[in-house]
Number of protein chains: 2
Amino acid sequence: MAATHELSVSKEKSSPKKIHKDLEKELIKDVLGLVETYPRVPITVDCVIFGFDENSLKVLLIRSDLEIYKGKWSLLGDFAKDSEDLDEAAARVLKERTGMDDVYLEQVRTFSTPGRHPGGRVLTVAYCSLLNIAHHQLKILDNEIHWHDFKSLKEKDLAFDHKLILDNCIQWLQKRMMEHPLGINLLPTKFSLRKLQSLYESILDRQMDRRNFRKKFFAMNFLIDTGEMETDVPHRPGKLYKFDFKKYEQNKRRWTGIDF
Amino acid sequence: MAATHELSVSKEKSSPKKIHKDLEKELIKDVLGLVETYPRVPITVDCVIFGFDENSLKVLLIRSDLEIYKGKWSLLGDFAKDSEDLDEAAARVLKERTGMDDVYLEQVRTFSTPGRHPGGRVLTVAYCSLLNIAHHQLKILDNEIHWHDFKSLKEKDLAFDHKLILDNCIQWLQKRMMEHPLGINLLPTKFSLRKLQSLYESILDRQMDRRNFRKKFFAMNFLIDTGEMETDVPHRPGKLYKFDFKKYEQNKRRWTGIDF
DNA sequence: TCAAAAGTGTTCATTATACACCCATGA
DNA sequence: TCATGGGTGTATAATGAACACTTTTGA
């Protein structure tokens, strides 16, 4: 990409194209030589995969395959391959573990504390992804990978610095949830307002007034009434809605104002 | 750090401590061996150093030292040393270039597109830092490093993907500025409300009503009247204020509410 | 008929926005 | 005396928060 940029040395107008190409090759060789001398670090991506089911927030974890962390749970991670964009690497991990692509996925933060990996310096880039448990069937056939109730993790000891990473990601998720309709990705395509509110309450970890919550969402005008109702509920069924992502993209609010 | 964790194998209560230590050493050797096999990537940090002077937002850039980018400007960056936390690396770059520590500095994002560096795969972690030009004297003795008007950079071609990084950082800064009083770091310790507003207008790139702006800031109660006035202004001098960071830390607002 | 959640409006407080005049200073 | 920005208040609109009763359904 950068190597194909117009070079500033191309000012020497009279030189034929070949010389430019040769010069460029020369320069790239120089840069390659320079980069050779840089210290190198192993890179991993760790995916914090959030799900939502039975009215609580879940995180997908795997048993650590390192003997030193035997019995502990860890985030889903892998090394970045050579010449792989880290976004791709994260998507690959997600695909390998859950069989899914086209899932919400976003870079959150890079962790580089020297002692964070017992095998020496390893840098990790944390990605957050959200998927709805009920909607997709995961390829969870062995018992080495499991959905964990987020709340239950407070006491548990995770491998590496994964507790720290998880902590960063939940805070990121909370903030992001308040400004973007990410939460919808954790629900089935059609959902009741109760489920939606329950999702928000789980993630933001506080109760909300039901009437105000409904008012708020209806006022946004991004909910489409499917005409369908809940089934199999032991009480009066609620309406099912879809989220109008298109309309949201067109009308989403611009951030202005100073507030701190 | 991680290596000092209590190991789960310590369940074998009867074993003397020494055996544990030996076992731990064994395990760490295994992990070290494993990490040996990982692909390794050169890591750099790039600092996007924002300043504010003469009522406009500035960015500190250096002439690229790569022949291939001859004549182009680039962000201030360097390789991460072995066993150096990237936050430290960024602080080091800042110190080396500006002579300053205790400056606002925050990780923004990691860039990993395979073609982003002409010398092969190089990963960079972008840091944003804010410092007030007027207050500190920079060690800018040569003409290879300069403050650039942020607006003027729109047309200029930067080295590497530094345009992209800069773009990410300004967006990050805008958002962050609306929620935290970062901007104060770009001003001298004592500042007039006009300067403050001018700063916000430059960064957020929009005009604000002067009366409402003042009302807003006074309502926060984080401004301390120093009793001093501006000098050397060709008009009625304004009062000079300091920002009460302590009070801010204690009283800063909690984020609640859904808004998108 | 009961339990559980659906659905629905109003009031009050806070915050955002729009807007115009006199004042103090240096040139 | 003029140009420049300092300093100030009010009215209106929009938004957020608190709060209770009737309805529908399945068990």
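Values below: every heavy atom of this structure, side chains too, minus hydrogens, waters and symmetry copies.
Identified under the salt bridge (charged side-chain N to carboxylate O under 4.0 Å, His left out) test for residues 183-192 of chain B, with sequence neighbours left out: B:Lys190-B:Glu228.
Centroid-to-centroid, the aromatic rings of B:Phe217 and B:Tyr200 come within less than 6.0 Å. For A:Phe218 and A:Tyr241, the ring centers are positioned less than 6.0 Å apart.
To the nearest angstrom, P of D:dG7 lies 16 Å from CG of B:Asn212. In this structure, A:Phe213 places its CZ atom 16 Å from P of D:dA18, rounding to the nearest Å. A straight line from CD of B:Gln207 to P of C:dC19 spans 15 Å, rounded to a whole angstrom. Between the P atom of C:dA16 and the CG atom of B:Asp259 lies a distance of 11 Å, rounded to the nearest Å. Look at CZ on A:Arg253: it is 12 Å from C1' on D:dG16, rounded to the nearest Å. The CE atom of A:Met220 sits 12 Å away from the P atom of D:dT15 (whole-angstrom rounding). What separates CG of A:Asn55 from P of C:dA4 is a distance of 15 Å, to the nearest Å.
Put simply, the side chain of B:Lys215 and the base of D:dT10 share a donor and an acceptor less than 3.5 Å apart.
In terms of position along DNA chain D, the nucleotide closest to B:Asp209 lies nearer the 5' end than the nucleotide closest to the other residue of the pair B:Asp209 and B:Ile258.
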* So B:Gln250 and B:Tyr248, side chain to side chain donor-acceptor pair (under 3.5 Å) or not? Walk me through it. -> CA-CA 5 Å; B:Gln250 287 159 8; B:Tyr248 166 72; over 6 Å; no
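Within the nucleic acid shown, B:Lys216 comes within 4.0 Å of sugar-phosphate atoms alone, with no base atom in reach, counting heavy atoms only.
For A:Asp102, the salt bridge (Lys or Arg N to Asp or Glu O under 4.0 Å) criterion is met by no residue, not counting sequence neighbours.
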Close N/O contacts between protein and nucleotides 5-8 of chain C (under 3.5 Å):
residue, atom, partner, partner atom, Å
C:dA5, O3', A:Arg194, NE, 3.2
C:dA6, OP1, A:Arg194, NE, 2.8
C:dA6, N3, A:Arg236, NH1, 3.2
C:dG7, OP1, A:Lys239, N, 3.3
C:dG7, OP2, A:Arg214, NH2, 2.5
C:dG7, O5', A:Arg214, NH2, 3.1
C:dG7, N7, A:Arg210, NH1, 2.8
C:dG7, N7, A:Arg210, NH2, 3.4
C:dG7, O6, A:Arg210, NH2, 2.9

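Using a cut-off of 4.0 Å between Lys/Arg side-chain N and Asp/Glu carboxylate O, A:Asp259 and B:Arg253 are scored as salt-bridged.
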